[in-house]
Amino acid sequence: MGNEKATDQFVRELLRDIGETRPWEHDGGPAWKRSALAGGSKSKTQKGEGKPEFVFTVDDFIVVIEDKKEARFTRFLEDDKVTTEFPYRQDYALNGAVHYAQTMLKNGVPYDKGIFAVGIGGEEHHHEIAVAYVEPGQVKLLDDLANLDVFGAEAISEYYSVSVRGNKSRAEIRLDTVKAAASRLHEGMRNFGSVENDRKAPLVSAILLALEKPGFVIDELKGSYHEKLPDDWDGAKIYKAANAYMVSKGFGPQQKIGTLLDQFAFIEKSPALNRVHPELGMTPLKHFAKILKDDVQKVVTDPSMSSFDVLGNFYHEFISYGGGDGNTLGIVLTPDHVTSLMTELIDVGAADWVLDPTAGTASFLITAMHRMFKDAGDDEAIREDIRKNRLYGIELQDKLFAIGATNMILRGDGKANFRRDSIFEAPLHEMRGDTKGPGDSWTRDGHGFTKVLLNPPYSQAKDKTTRHLSELAFISKALEFLNPGGRLAAIVPQSTMVGKTKEDKDRKVALLKKHTLDAVITMNGETFADSGVGVHPVIALFTAWRPHAADAKVKFVNFQRDGYKVKMHRGLTDDGTAASRRKHLLEVLRGEAVDDTRFIVRSEITAQDEWQHSYFYFNDQPPTVEDFMATVADYLSWQVDMHAHGKGALITPKEKKLQPAGADA
């Protein structure tokens, strides 16, 4: 198996990344550690002290690491269990680490939270990191890691809670609060208000806006239902408060407010919503307002949660209860961890002009604003500029426009450059701030856009009449809004990168003539599981108005193992490793870390290629001597078997007979 010094050094670098600069190596360390490893040698007799490569403690957990030079010696499993019998504990990294952990527990340690056993095989370019949690009487295998970040002081407790104990993550608990409120509202809207499915989210939007108006209090909703005094109805009070709050925030031209108010108008006139319900002892509107104030308002407006799309999650919940609405529109709501990843991939910052041309519930813009604020720090002038001038959205569907606009208003974006329009019809130059010349000419001298975040409607190009609505068509149009050198991140179905139609194949050619394809990241196939859509997505990254050079190397990444899994009755959840896997992805893309071709392939491309990792993947893992000898042995065995069964002529070429000179060939 050879010398492991290079692997040891690689592990030291991984440990330094989490702030662990002085782990105990081999027989070093305090007396308790040496006592715990007494009689724990990996040898056949187990005489002598056990000497793991690395041991350290963090938050009362013990972490034991063993490493091997080659990745194939990372672990050995029998019936999916780690065996610590000899010689496996000696030959395999994880098996040795588990052996040491069990020895320490048997001898006693001054920590009671259990031990993480880590086996690392290989070196920086080709490696595996296997993990097991060891406690008395149990060895629990955990998912492989990309780095050791989960053992950092700030992460290990959450990792233990989620991965070992199966508890919910903090993000999932927060989402559960919103889902519970959405469920209660759904039941109330159905049972007490007879609210149609597509009106549920606008109703929530209107109430949340009203709650933000200074002076509006829920106790003013008294349930006065007199047909000749409709201005006294609870619905009228909510409607007027929402209107007043939007006006006070300077929410763009009056027609934008009018579009929103059109979505809210039913609240004023619905008898079922404005009468006191006998079961509630109040109007359904007051009941809904109390739920939203108690369980939702703080989450929506709390700056520390400003990247969390509450209204988007409400809308998703209402779709799931009512069925059909989202899918018929081609709407696939982007999970929060994906929106934040995409803003990182194109490095959205305080100086950017950001556009989402299919904005939906504004989740991308909310996440971008959160990241831009963080970049701006405490500079309130820059923050105000971001709010008023640097975030733009386009959304065609009325109900989604109402939700997205409300989202932005509640997050403090007073001006809300949010347009109800189609990406293909919106005035490109007007939105870019360009100068109009004579006739229809324009000078591209406006602020323009430096970043585009895009999740277009899926599967809209169903026939010849709708071919112009393919995902590639949306990408092509979105790139036109960008300044030269601007970046675009789009999440689309994997098939988009193939080119499903003649029109899309032509679009791929046109894209490369004008723009550069930087990277394509294959995502988890269950990314959109919570939306009930079976889409295998990829994230495509482009640089605008830089023709793709023939020798340019595109980065194709397999990020299917992103740390998220679908769990029964819980949906898509973080398994405790998502943050570390995401960090590894970003480091590899930036060139700060390396990985093998199973994770990333860099390749030149043509428009005819399938732009995805699986198309360009090749196994660059160098074969070992043992692999080579095993392959030769298999080949010789096959030859013997063929001859033994009278089929040798099929694999042994016949000798050509030499013909006399002058004879016909």
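Note that the structure is predicted; figures quoted are calculated from it, not measured.
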Within a strict 4.5 Å, meaning less than it, do heavy atoms of the Leu391 and Asn417 side chains meet? no
Arg582 versus Ser340: any side-chain heavy-atom pair under 4.5 Å? yes
Dump the intermediate steps for side chain to side chain contact (heavy atoms under 4.5 Å, CB included) on Leu145 and Tyr159, then the final yes or no. CA-CA 12 Å; Leu145 301 175; Tyr159 177 58; 4.0 Å; yes
May I ask you to test the Phe264-Leu209 pair for a side-chain heavy-atom distance under 4.5 Å? yes
Can you tell me how the ring of Tyr392 sits relative to the ring of Trp353, calling it parallel under 30°, perpendicular over 60° and tilted otherwise? tilted
Starting from the C-alpha separation in whole Å, work towards a yes-or-no answer on side chain to side chain contact (heavy atoms under 4.5 Å, CB included) for Val338 and Ile491. CA-CA 9 Å; Val338 175; Ile491 183 164; 3.7 Å; yes
Would you check if Phe418 and Leu365 make a side-chain contact, meaning some heavy-atom pair closer than 4.5 Å? yes
Just checking, any donor-acceptor pair under 3.5 angstrom between side chains of Thr283 and Asn274? no
Salt bridge present between Asp352 and Arg487 (N-O < 4.0 angstrom): no
Ring centres under 6.0 Å, that's the criterion: do Tyr245 and Phe216 meet it? no
Regarding Asp234 and Lys222, does a basic nitrogen lie under 4.0 Å from an acidic carboxylate oxygen? no
With a 4.0 Å cut-off, would you call Asp231 and Lys240 a salt bridge? yes
Salt bridge check, Lys500 against Glu471: does any charged N sit closer than 4.0 Å to a carboxylate O? yes
Salt-bridged, Arg390 to Asp385, with N to O below 4.0 Å? yes
Is the closest basic N to carboxylate O distance between Arg190 and Glu187 below 4.0 Å? yes
Output yes when Arg581 and Asp562 qualify as a salt bridge under the 4.0 Å nitrogen-oxygen rule, no when they do not. no
Quick test of your reading of the model: are Lys565 and Asp574 salt-bridged, counting only N-O distances below 4.0 Å? no
Is the distance from the ring center of Phe474 to that of Phe424 below 6.0 Å? yes
ring-ring contact (aromatic ring centres under 6.0 Å, His included) contacts touching residues 220-240 (sequence neighbours left out): Tyr225-Trp233
Pairs in or reaching into residues 420-433: which pass side-chain hydrogen bond (donor to acceptor under 3.5 Å, both in side chains), with residues at least two apart or in two chains? Asp398-Arg420, Arg419-Asp421, His429-Asp434, Arg432-Asp434, Arg432-Asn483
Test Val247 against Ile257 for side chain to side chain contact (heavy atoms under 4.5 Å, CB included), laying out the working first. CA-CA 8 Å; Val247 171; Ile257 295 179; 3.9 Å; yes
